[in-house]
Amino acid sequence: MSGDTYDLIVIGGGINGAGIARDAVGRGLSVLLVEADDLASHTSSSSTKLIHGGLRYLEQYEFKLVAKALSEREVLLKMAPHIIWPMRFVLPHQKHLRPAWMIRTGLFLYDHLGGKQTLANSHGIKFSGHPAGAPLKAAFTKGFVYSDAWVQDARLVVLNCMDAADRGARIMTRTRAETATRSSDGWQVTLKTCDGETSEVRARGLVNAAGPWAVRFLDDIASQNHPYALRLIKGSHIVVERLFAHDYAYIFQQPDGRIVFAIPERDFTLIGTTDVEHQGAPGKVAIDADEIAYLCEAINRYFERPIGPEDVVWSYSGVRPLLDDHEDNASEITRDYRIQLDTAGGAPLLNVFGGKLTTYRRLAEDAVDQLAPALGHREKAWTHSGHPLPGGDDANPQQLVASLQSRYPFVPSPMATRLVFNYGTRALTILGQAERLDDLGEHFGADLYAAAEVDYLRAHEWARTAEDILWRRTKLVLRLDDSEQRRLADYLAASAANTEEEKA
Ligand SMILES: Cc1cc2nc3c(=O)[nH]c(=O)nc-3n(C[C@H](O)[C@H](O)[C@H](O)COP(=O)(O)OP(=O)(O)OC[C@H]3O[C@@H](n4cnc5c(N)ncnc54)[C@H](O)[C@@H]3O)c2cc1C
């Protein structure tokens with residue numbers, strides 16, 4: 001490893017680093033991506049998980065951002081139909097918050113700004129007799145329905161890295177860039193793994209996709225002068241037992257002008273988010289009591305059955321790394337991204353600031369469009385069509401569930417569905433030659449088995465710990481109890497020790 005030379009080193013294995021690594025290696029650049037923790041362990045697994053235009057950004061006149069995001073929604077739905085799928089959103093009408101004409105106009109724009117769309121258009125609804133009306137207070141009699149999409153956020157990152165690796169990129173997780181020294185012809189980067197091993201690598205160009213750490217990276221690791229400041233805006237979500245029994249999500253307008261989503265996730269409802277200025281270290285974020293109270297109140301304004309802090313079974317928080325545009329109100333700071341290529345100070349340095357999961361592919365394309373010529377590469381952008389992410393090569397996951405069940409009749413239906421909507425066609429690789437559930441290895445709880453899924457995740461998706469698997473790769477965290485989680489952790493530790501022994 002020490003002494004290896006690449007065209008490009010990408011710092012950060014969140015969605016932006018992963019997207020750039022994939023795009024760059026696909027254009028013929030040799031690429032190393034380094035991630036200090038697990039892939040997607042920070043902002044990119046703490047999102048509301050929407051691939052969306054951002055209805056509320058219309059009010060901030062961010063038409064360009066909304067149009068870009070809506071057209072990306074179509075591209076991403078095709079690229080990864082197994083981890084991104086359409087969702088219908090219900091907006092109960094409250095005329096004192098926003099008049100009906102304003103919402104109708106906004107939704108009309110939302111249906112059309114992105115160009116040709118495959119998702120259903122918006123329309124008005126009456127709640128009486130409509131499934132979405134059931135959990136609402138009787139005062140809400142009508143509203144609107146519109147389309148957006150839902151994404152398995154952390155898996156989007158992992159699949160971009162898998163595809164990048166399949167195309168020749170090197171992905172190193174749990175490896176921090178400790179120093180980055182720039183000269184006229186390249187970068188020398190010192191890497192340190194979580195086991196304390198250090199190595200030196202070189203590259204002709206460097207991408208700073210460190211998300212909330214992007215400015216710290218410039219200040220402390222790369223020692224570069226720059227004019228940038230980030231605002232770190234914490235957003236938290238709570239998870240409660242299922243509040244309604246249908247597939248619609250809700251978008252609830254709040255008296256402070258913000259919106260809060262209530263999204264169905266199988267037996268649970270995901271509620272978020274908040275917008276709170278964050279001053280501490282980016283890695284240390286957690287929900288506070290005020291945020292829990294805010295989210296419960298936001299729900300209690302609409303649903304008949306109230307919730308309180310005691311109903312929260314899980315919560316998570318992340319920080320949005322937003323470029324400081326001197327806006328007072330945290331929810332009004334632009335969510336659009338900024339990329340900046342600096343070639344004046346020596347070898348190329350590309351900085352990424354802000355952005356959304358939804359626009360990551362465009363961001364990556366813009367970044368490599370700028371960077372590749374500076375490295376003498378002229379290959380054209382390629383990620384916009386016809387190149388699905390791993391497992392996304394079957395456009396009809398529902399049909400895939402059916403064919404998986406006919407090939408593996410012993411797999412229970414919920415498990416078949418979960419595998420397909422996590423791994424797409426790669427679910428077949430996971431099940432392999434199995435003829436019965438016993439062939440899938442040790443059973444950890446829920447429908448997680450060792451020889452099938454866990455070993456696959458270790459071998460192909462850089463998973464090392466129980467948290468990597470339960471929280472970011474499978475979202476099974478709420479379905480395994482403490483002792484089952486400990487057994488998984490023990491299994492992973494033993495497997496890692498065996499691998500070390502085999503290497504020695
Ligand atoms: C609460 C919330 C809700 C959101 N909801 C949505 C949504 O619904 N839809 C949407 O489109 N967007 C949403 N977003 C925005 C989206 O999540 C972010 O824009 C995106 O995840 C940012 O990705 P990133 O790669 O820039 O940062 P990150 O995911 O944080 O990745 C940066 C990585 O760099 C690594 N790193 C830092 N320093 C080093 C170093 N020295 N060496 C090696 N690695 C390093 C970090 O460990 C980190 O993993 C939301 C954001 C938040 C916070």
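Order of listing sets the numbers, starting from 1, for every ligand and every atom in it.
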Just to confirm my output: which protein heavy-atom neighbour is closest to [atom], and how far is it?
| atom | answer |
| --- | --- |
| atom 24 (P) of ligand 1 | N16 ND2, 3.7 Å |
| atom 49 (O) of ligand 1 | E35 OE1, 2.7 Å |
| atom 23 (O) of ligand 1 | S44 OG, 3.2 Å |
| atom 9 (N) of ligand 1 | L50 O, 2.7 Å |
| atom 18 (C) of ligand 1 | T43 CG2, 3.9 Å |
| atom 41 (N) of ligand 1 | A177 O, 3.2 Å |
| atom 52 (C) of ligand 1 | R320 CG, 3.5 Å |
| atom 40 (C) of ligand 1 | I11 CG2, 3.6 Å |

query = Would the F268 and W314 ring centres measure less than 6.0 Å apart?
reply =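 No; W314 has its ring centre 6.0 Å or more from that of F268.
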F89 ring center near Y250 ring center (under 6.0 Å) = no
Any N/O of [X] closer than 3.5 Å to an N/O of ligand 1?
| X | result |
| --- | --- |
| W213 | no |
| A36 | yes |
| G355 | yes |
| D38 | no |
| I15 | yes |
| S41 | no |
| T273 | no |
| P212 | no |
| L357 | yes |

ask   = Between atom CG of L389 and atom CE of M162, what is the distance when rounded to the nearest 0.5 Å?
value = 10.0 Å
Heavy-atom distance under 4.5 Å between the side chains of [X] and [Y], does that happen here?
| X | Y | answer |
| --- | --- | --- |
| I84 | L156 | yes |
| L33 | Y6 | no |
| Y294 | E297 | no |
| R458 | T499 | yes |
| S122 | V145 | no |
| L371 | P348 | yes |

Any atoms of ligand 1 less than 4.0 Å from a non-hydrogen atom of [X]? List them with their elements.
| X | result |
| --- | --- |
| I221 | 41 (N) |
| K49 | 8 (O) |
| G235 | 1 (C) |
| G318 | 53 (C) |
| A209 | 32 (C), 34 (O) |
| V34 | 43 (C), 44 (N) |
| H42 | 30 (O), 46 (C), 47 (O), 48 (C), 49 (O) |

query = Below 4.0 angstrom, N of the basic side chain to O of the carboxylate: do D4 and R202 qualify?
reply =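 Salt bridge absent between D4 and R202.
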message = How about CG on D247, more than 12 heavy atoms from neighbouring residues, nucleotides or ligands closer than 6.0 Å, or not?
response = no
At under 4.0 Å between heavy atoms, is it the side chain or the backbone of [X] that contacts ligand 1, or both, or neither?
| X | answer |
| --- | --- |
| S46 | backbone |
| A69 | neither |
| H52 | side chain |
| T175 | backbone |
| T359 | neither |

Would the distance check show the side chain of [X] and the main-chain N or O of [Y] forming a donor-acceptor pair, the cut-off being under 3.5 Å?
| X | Y | value |
| --- | --- | --- |
| R182 | S223 | no |
| D468 | T465 | yes |
| S41 | L39 | no |

task = Compute both the distance and the angle, then confirm whether K68 meets the cation-pi test with Y337: under 6.0 Å from the six-membered ring centre, within 45 degrees of the axis.
result =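 Yes, K68 lies over the aromatic ring of Y337.
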remark   = Nearest heavy atom to atom 32 (C) of ligand 1, choosing from A149, A210, G17, belongs to A210
request  = Check step by step if salt bridge (charged side-chain N to carboxylate O under 4.0 Å, His left out) holds for R472 and D38.
outcome  = CA-CA 9 Å; R472 287 179 288 276; D38 181 28; 2.6 Å; yes
Contact check, H237 vs ligand 1, heavy-atom distance below 4.0 Å =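 The answer is yes: ligand 1 sits under 4.0 Å from a heavy atom of H237.
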query = Does the side chain of Y110 come under 3.5 Å of the side chain of D148 through a donor N or O and an acceptor N or O?
reply = yes
query = Side-chain donor-acceptor pair under 3.5 Å between D37 and H42, yes or no?
reply =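 Note: D37 and H42 side chains meet the donor-acceptor criterion.
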